[in-house]
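Reminder, nothing fancy here: chain letters follow the sequence lines and each chain counts from 1.
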Amino acid sequence: MRLSRYFLSILREVPKEAEIVSHRLMLRAGLIRQEAAGIYAWLPLGFRVLQKITQIVREEMDRVGAVELLMPTLQLADLWRQTGRYDAYGPEMLRISDRHKRELLYGPTNEEMITEIFSAYVRSYKDLPKLLYHIQWKFRDELRPRFGVMRGREFLMKDAYSFDVDEAAARISYNKMFVAYLRIFARMGLKAIPVRAETGPIGGNLSHEFIILAETGESAVYCDSGILDLPVPGPDMDYEHDLEPLIGDWTNFYAATGDVHDAARFERETQASKRIHTRGIEVGQVFYFGEKYSKPMRALITHADGSERPFQGGSYGVGVSRLAGAIIEASHDENGIIWPESVAPFKAGIADLKPGDPATGQVCEEIYASLQKAGVEVLYDDTGERPGAKFARLDLIGLPYQIIVGPKSLAEGTVELKVRATGARKNLPAAAAIGHLAGR
RNA sequence: CGGGGUAUAGCGCAGUCUGGUAGCGCGGAAGUUUUGGGAACUUCAGGUCGCAGGUUCGAAUCCUGCUGCCCCGACCA
């Protein structure tokens, strides 16, 4: 993409309303624009990031055998009345009525709807287990939205739902999702740790929150450093094997957020040298809830013995739009964002330091064409800005690599390749720079 | 929802106390000189001063009501 034809407007000054670093950088780098409290438009550069995050989530869901569908944002109030949640939910639910005075709501979640859909088609134990998911915008009318997309009112979520015949089977589904989550966050360059979460009135111990570590995170985190060194399963992970031992590895270490932290237990279970106290951001939760929805909604499964029983359900959320902010919290410096390559809006930026000069222009064009041909996503700064402005802008938007083409290095037959994360630069011939980015 | 702020050009702000017909910086446009870490100068464009009433010869400024937005707390993916 040529920057001169793109739609990108960066801000030099910091918008006043933004308190935390990710919010400031997202506004400054032209990723988002606030349209109302907690409601944002995703500008082209930000939208690309959102798409990258979405795609990683999608790939990992597909890998565990989850099946994607798409449910609407608007739901009928009557559906929620079946579980009593319409009245229980409170003012966080955005209630709407249509021209016929029919009561609707903008969905804050979809358990009722997926249960209704599932039970309309599936009756037999032979059809289980099933995992379904969708990636959709949701709305919660937060009293006080803040932190940009980290806590908006409208937000993009991946919600997965599991359907099983009994608790033992449900646990298998839960474990699959647990492992998929480890992979999702690792692929985004994040250190994520599962933390045992409150399960509310349902009971049981099958709920974990996934916290990514970021020093500017919103909640305190206490954990055993051992959990940070655990290897995340690779893409060849066999999800059909027994995952209990693996889950055990990840859940045996002490890990807690500030609100549930037990200092005495922490000291008892963790050696002093391995105690870590840092901060983090919740980006996902996995949850087994049994018959919470299937029972009141009479979503019954016929078992082998002829009996009919509600299915055992679980739900698994990932805050997709929140992740965009969370990744920045975890990866930035004083000059701007440092995108992990997997979610970067473009892999590289090319800067022509002397726009109008035939020599630098031609080399830039060649590099641009070659990278495009090789399928490398690249943003070519072909504008007439001065070098300093181009450097500052590229650093701010945080593309992993910068190819800097200026008369100085060109006189020696080289261009400069800069790695955003480390600041490392080296001069090398254009062909070598292309080869480096295009992979062998 | 309690407490505290704030609203003036795309962004950051001054002007409000003491009423007199709107200003600065960034950003945008044009030109000249520049050109390896957010250039300098000149010129230009851009505002129903959040909205609605009221007081006044005259309101960004004073009064009343409303709304948006932000911060702290409680709450949350």
Under 4.0 Å between any heavy atoms, over every strand shown, what does [X] touch: base, sugar-phosphate, or nothing? Just pick one.
X	answer
A:R393	nothing
A:K408	base
A:G406	base
A:E416	base
A:G30	nothing
A:S409	base
A:K158	nothing
A:V14	sugar-phosphate

Side-chain heavy-atom pair A:M61, A:V67 within 4.5 angstrom cut-off: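 They are not in side-chain contact.
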Does [X] get its side chain close enough to the base of [N], under 3.5 Å, for a donor-acceptor pair?
X	N	answer
A:R151	B:C75	yes
A:E13	B:G27	no
A:R28	B:G38	yes
A:S9	B:G10	no

With respect to the side chain of [X], which nucleotide from [options] is positioned closest?
X	options	result
A:R144	B:C76, B:G36, B:C1	B:C1
A:P387	B:C13, B:U35, B:C71	B:U35
A:R12	B:C76, B:U35, B:C26	B:C26
A:L143	B:G38, B:C1, B:G12	B:C1
A:R146	B:C70, B:U6, B:C72	B:C72
A:L396	B:C76, B:G38, B:U35	B:G38
A:A389	B:G38, B:G73, B:C11	B:G38
A:E142	B:G38, B:C75, B:G36	B:C75

Has A:R81 got its NZ or CZ under 6.0 Å from the middle of the six-membered ring of A:Y86, at an angle within 45 degrees of the ring axis?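 Because its charged atom sits under 6.0 Å from the ring centre and within 45° of the axis, A:R81 does stack over A:Y86.
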How far, in whole Å, is [M] from [N] if one measures between their [atom1] atoms?
N	M	atom1	result
B:G31	B:G23	C1'	25 Å
B:A74	B:C69	P	22 Å
B:A9	B:C26	C1'	12 Å
B:U56	B:C51	P	23 Å
B:G47	B:A7	C1'	14 Å
B:G53	B:C17	C1'	24 Å
B:G73	B:A30	P	48 Å
B:C11	B:U48	P	14 Å

Charged N to carboxylate O under 4.0 angstrom, [X] versus [Y]?
X	Y	result
A:R48	A:E377	yes
A:E416	A:K426	no
A:R275	A:D224	no

A:G38 or A:I10: which one's nearest nucleotide on RNA chain B is closer to the 5' end?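 The residue mapped nearer the 5' terminus is A:I10.
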For A:L410 and for A:V149, locate the closest nucleotide of RNA chain B by heavy-atom distance; then report the residue assigned to the nucleotide nearer the 5' terminus.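 Nearest nucleotide further toward 5': that of A:L410.
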Could you check which nucleotide pairs with [N] in any of the strands shown, counting Watson-Crick or G-U wobble with both distances under 3.5 Å?
N	result
B:G27	none
B:U32	B:A40
B:C57	B:G20
B:G65	B:C51

Roughly, in whole Å, what's the span from [atom1] in [X] to [atom2] in [N]?
X	N	atom1	atom2	result
A:Q402	B:G36	CD	C1'	13 Å
A:K390	B:G36	NZ	C1'	12 Å
A:R140	B:C76	CZ	P	11 Å
A:E19	B:C69	CD	P	17 Å
A:K16	B:G12	NZ	P	7 Å
A:E385	B:C26	CD	C1'	13 Å
A:D381	B:U35	CG	P	19 Å
A:M26	B:C11	CE	C1'	18 Å

Quick check: does any side chain N or O of A:R322 sit under 3.5 Å from a backbone N or O of A:R151, one acting as donor and the other as acceptor?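 Flag not set: sc A:R322 to bb A:R151 has no pair under 3.5 Å.
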Do any N or O atoms from the side chain of A:R24 and from the backbone of A:E19 form a donor-acceptor pair under 3.5 angstrom?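 Yes; at least one donor-acceptor contact below 3.5 Å.
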Show the nearest heavy-atom pair for residues A:I212 and A:A192, with the distance to one decimal.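 That would be CG2-CB, 3.9 Å.
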With a cut-off of less than 4.0 Å, is there a side-chain N or O of A:Q285 near OP1 or OP2 of B:C76?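 Checking A:Q285 against B:C76: no side-chain N or O falls below 4.0 Å of OP1 or OP2.
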Angle class for the A:F178/A:Y174 ring planes (parallel below 30°, perpendicular above 60°, tilted otherwise)?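 The rings of A:F178 and A:Y174 sit tilted, inter-plane angle from 30° to 60°.
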